[in-house]
Amino acid sequence: MNEEQLRAAMDAIATKAIPDGSSIWDKLEASYKAESKVKRIPQRWNWAAVFVAVIAATLLTTGGALAYIWLSRFPADDGGQNVANAGLGLAINESWTVNGVTLTMVQGYADSERVLLFYTLEGIDPTRFNHREPEAVLTEIYNFGEIDQYQTFDGLHYQYRLDENRVLLVSSFRHNQAVGDTITFNWQVIISNLGEVVPPEFHRSFTLPIQDKLIIPVNQSIEVEDLTITLESIEMTAASSTVTICTTLPDYYDHADFEDMGLLIDGQLYVYVYGSEQNIFDGRRYCMKQSFDAGILTGAESVEVTASGIFVAPVPTQQDIDDALERLEAEGFEAEINLVNGHIQWEILSYPEGYNAEVWMYSSLYDYRQIEFQHTFSINLSEIVMGNR
Amino acid sequence: MDDAIAIQRLKNGDISGLKALVERYELKALRSAYLISQDNAIAEDSVQSAFLRAARAIQTFDSRRPFQPWFMRIVVNETLKILNQRKRFVYAESEDNDPLDYIPDESQNPEEIADMHEAEAAVQAALESLSPEHRAVMVMRYYLGYSESDIAQELNKPLGTIRSRIFHAQQRLRGLLLPLLGRNGDNYE
């Protein structure tokens, strides 16, 4: 039996247990629909009502009433909703026409975490931009000069049909490089697959002011056995939040696996993600850093962060060492292994040809004990003021 | 419908995107989850949970990346999480459940094993003897075909950790696997 036969054996075992035709779709569809019904968008009507009229005037030159249609729909992007509702972007209102297609850049917003662009297209059939059937392919390319960052179709977050002639598009991408007080980029839009129409292309350079960021130095800690886990900081803009949780592992720990993280603002769960965007390993310091498309505006009262993880520690004992030496001897290894202050120290004296010695030593020595944690950190905010330069 | 379009639809809240991804990946996911959990019900629960988690997190998914590795990572971790929560797994790091017992004759060269049923039984027993975490990396390595570095990247764990788990599992299976994979370092990256 070779490796392929081993894989075939595993496949045969799995296929007998889960035969062709097995499906979980019916149950999954019901669960997904049930979740979608309870999905919430924050309703800050006390200030949103004030700004709706301002937004309509800022964002659109015509059809102010139509602005209400898309303002109320920001699926899974509460931060974008904040920007639109509070009018935090820079009004641009410039148009270009290429091959009969007119692009109007309405508003641009940038902070240290995200860039949001609001623009309309006119002159092509908006039904061809129906996001359910993207016959027309929109490609956006951003070039930050020395920092090469290209964003393709995925930069486009939302498409809304405003009327018979126009479609509104909201483009969002993340960019963590602040260039002084502004961010400058070359923006290129290519519309393709339009059949007989010559694909129009738009090129433009933009410079946007970078909005303020609020850095909340939290430094709240919990003890999990002999570990200290610290919520170090939360960085928040109107459109984004970045949370960092860290721990420093003692030498006799093997590694840390941070897992889930959730962000709640004023008791409202915005996003709960599985897996960390970044797991940072810096010597013995392990951190989970996660960014969310949700932020805060003036008046937010509290922020909560829920997090979970697993830490793995070898628990070496003298018996472990004796057992390891016996296994290694059976494989033809000669080694010295000592337990010094809870740490295993080993030296390979000889081993058979063809062995990956270090790996065999490592796999022979360690058993694992797992420690799990799950905690909610709460931060009361006295007064948050999001600046708007 | 290819993955990019399905993902974009799902990002736009269109359930047809989710359905397309389910149709493409559910069997592989269910079978992987079964191999790790050794339980049909847990496999169904973990894969359903994985799809829902993926749908929730889809806005942050970079479509320039392949979908399957990202999704299978969620499946593996969901399965392990459910197993840990339910504590239904039973694995024996003892001689009472030694996979070597299932090889008809230890002196027989395993390469001469022609009966697939015996091989399947041996592999099945060997999987049952492993902890879920070790089973998971074995499934990712040999059933899903990921490299050790791919597994480390997808599970967001140090490469050394993945290697140690694979080799710990191989040590448990060595009566079956060493003759199959060889004692040299060729299979280690």
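The shown structure was predicted, so the numbers you read here are calculated from the model rather than taken from an experiment. Each chain gets a letter, A, B and so on, in the order its sequence line appears, and its residues count up from 1.
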Item to check | A:Trp25 side chain reached by B:Glu23 side chain, heavy atoms, under 4.5 Å | outcome: no
Next on the checklist: Given 3.5 Å as the limit, does a donor-acceptor pair link the side chain of A:Thr15 with the main chain of A:Ala12, or not?
Outcome noted: no
Item to check | Flag side-chain contact, heavy atom, 4.5 Å: A:Leu28 against A:Asp26 | outcome: no
Checklist entry - Listed by residue number, which members of residues 24-31 of chain B have a heavy atom under 4.5 Å from any heavy atom of chain A? => result B:Glu26, B:Leu27, B:Leu30, B:Arg31
Checklist entry - Below 4.0 angstrom, N of the basic side chain to O of the carboxylate: do B:Glu78 and B:Arg53 qualify? => result yes
Item to check | Short side-chain donor-acceptor distance under 3.5 Å, A:Glu113 and A:Thr242 | outcome: yes
Item to check | Region of B:Val22 that comes under 4.5 Å of a non-hydrogen atom in chain A | outcome: side chain
Checklist entry - Between the side chains of A:Ser240 and A:Arg114, is a donor N or O closer than 3.5 angstrom to an acceptor N or O? => result no
Checklist entry - With a 4.5 angstrom heavy-atom cut-off, which part of B:Leu18 approaches chain A: side chain, backbone, both or neither? => result both
Item to check | B:Asp14 backbone acceptor or donor facing B:Asn12 side chain under 3.5 Å | outcome: no
Item to check | Proximity breakdown for B:Tyr143 and chain A, heavy-atom pairs closer than 4.5 Å | outcome: both
